[in-house]
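One structure is given here, and the rest of the page talks about it.
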Amino acid sequence: MSDLIYSSKIPEPTLRRLPWYLSYVKLLKTHGDKIVSSTQIAKKIGVSASQIAKDLSYVDVSGKTRVGYDIDDLISVLETFLGFTNTHTAVVFGVGSLGAALLSDSGLEQFGLKIIGGFDVNPTIVNNSIGGIPVFHSSDFMEWNKQMKASIGILTVPPGVAQEVAEYMIRGGVKAIWNFTPFRIRVPEGIVLQNTSLYAHLAVMFNRLNG
């Protein structure tokens, strides 16, 4: 199964690059810039100007020939297209060091991800709060989510229980899973899955470093 399930109208590599463009043009806005060209973005991002123009053709924004894109328009369109202007509620399953860090990361809300609860089985963690977000026992999730209706489950549990917990979250109403474990979980058709394995990225980095 693909790591990422999105609309078939836009290629996954394009979706991965659009946030880079958004971050850069938002930086330009803080400097008082009003217009940006694909060539200007290309010099900073390391993607060809033609690729940037092609990527931006998938979103509802148009630039002026030999002038560029209006920065305010580009920011607004990209934020809306990427879903950053909507609030998506999420839960974290597995409140260890990584899970706790995610609960504490209020910056995620700037990108439309609001974590509203943590779930774990460790009695020293359950019934506490981290970053102002309550942590519940995992067995309470099904009943809890009937009212809270979190649509995204963030998976930071040990690999050995990743598949079991993923299936449990789906039964509880989760529609998308952000998987931080190294285990390649399987999900039913219609459930969005994003694998973000820190270990895999480390392996690539170490390999290149030692090469």
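Salt-bridge formation is detected for the pair D72/K29: a Lys NZ or Arg NE/NH1/NH2 atom is positioned less than 4.0 Å from an Asp or Glu carboxylate oxygen.
The hydrophobic cluster containing L155 also contains F136, counting ILVMFWY residues as joined when their side-chain heavy atoms lie under 4.5 angstrom apart, directly or transitively. L28 and Y21 fall within a single hydrophobic cluster, where Ile, Leu, Val, Met, Phe, Trp and Tyr side chains are chained together by heavy-atom contacts under 4.5 Å. A continuous path of ILVMFWY side-chain contacts below 4.5 Å connects I185 to F93, so both sit in one hydrophobic cluster. Following chains of ILVMFWY side-chain contacts shorter than 4.5 Å, one cannot reach V91 starting from V126, and the two form parts of different hydrophobic clusters. By the criterion of side-chain heavy atoms lying less than 4.5 angstrom apart, applied directly or through intervening Ile, Leu, Val, Met, Phe, Trp or Tyr residues, V165 is not grouped with V92; the two fall into different hydrophobic clusters.
Within the 3.5 Å criterion, the main-chain N or O of S138 finds a donor-acceptor partner in the side chain of Y168. Side-chain atoms of D73 do not come within 3.5 Å of backbone N or O of Y69 as any donor-acceptor pair. At distances below 3.5 Å, at least one donor-acceptor pair connects side-chain atoms of H137 with backbone N or O atoms of S139. A donor-acceptor contact shorter than 3.5 Å links the side chain of T156 to the backbone of G94. Judged by distance alone, the side chain of N145 and the main-chain N or O of F141 form no donor-acceptor pair under 3.5 Å.
For the pair T196/Q194, a side-chain contact is recorded, criterion being any heavy-atom separation below 4.5 Å from C-beta on. By the 4.5 Å heavy-atom criterion applied to side chains, S129 and V135 are not counted as neighbours.
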Output side-chain donor-acceptor pairs under 3.5 Å for residues 96-119, partner residues at least two apart or in another chain, one line each.
unit_1 : atom_1 : unit_2 : atom_2 : d
S104   : OG     : A100   : O      : 3.0
D105   : OD1    : G107   : N      : 3.1

What side-chain donor-acceptor pairs closer than 3.5 Å can you find for residues 74-81, not counting sequence neighbours?
unit_1 : atom_1 : unit_2 : atom_2 : d
E79    : OE2    : K26    : NZ     : 3.1
T80    : OG1    : S76    : O      : 2.9

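For the atom pair I41 CD1 and W20 CH2, the distance stands at 13.0 Å (nearest 0.5 Å). Between the CG atom in L209 and the CG atom in L202 there is a gap of 11.0 Å [rounded to 0.5 Å]. In this structure, CG in D140 is found 12.0 Å from CE in M142, a value given to the nearest 0.5 Å. Here CD1 of I152 is found 9.0 Å from CH2 of W178. Values are rounded to the nearest 0.5 Å. Between the CD1 atom of I177 and the CD1 atom of I154 there is a distance of 11.0 Å, given to the nearest 0.5 Å. Between T124 atom OG1 and N122 atom CG the span is 3.0 Å, to the nearest 0.5 Å.
Residues S37 and T39 bring no donor and acceptor atom of their side chains to less than 3.5 Å of each other. Residues N195 and S197 have side chains that never bring a donor and an acceptor to within less than 3.5 angstrom of each other.
In E164, the CD atom is not crowded: 12 or fewer heavy atoms of neighbouring residues, nucleotides or ligands sit closer than 6.0 Å.
Of all the heavy atoms in L82 and L22, the pair that sits closest is CD1-CD2, 4.2 Å.
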Would you check, one step at a time, whether the test side-chain contact (heavy atoms from CB on, under 4.5 Å) holds for Q40 with K44? CA-CA 7 Å; Q40 187 178 355; K44 291 293 183 181; 5.9 Å; no
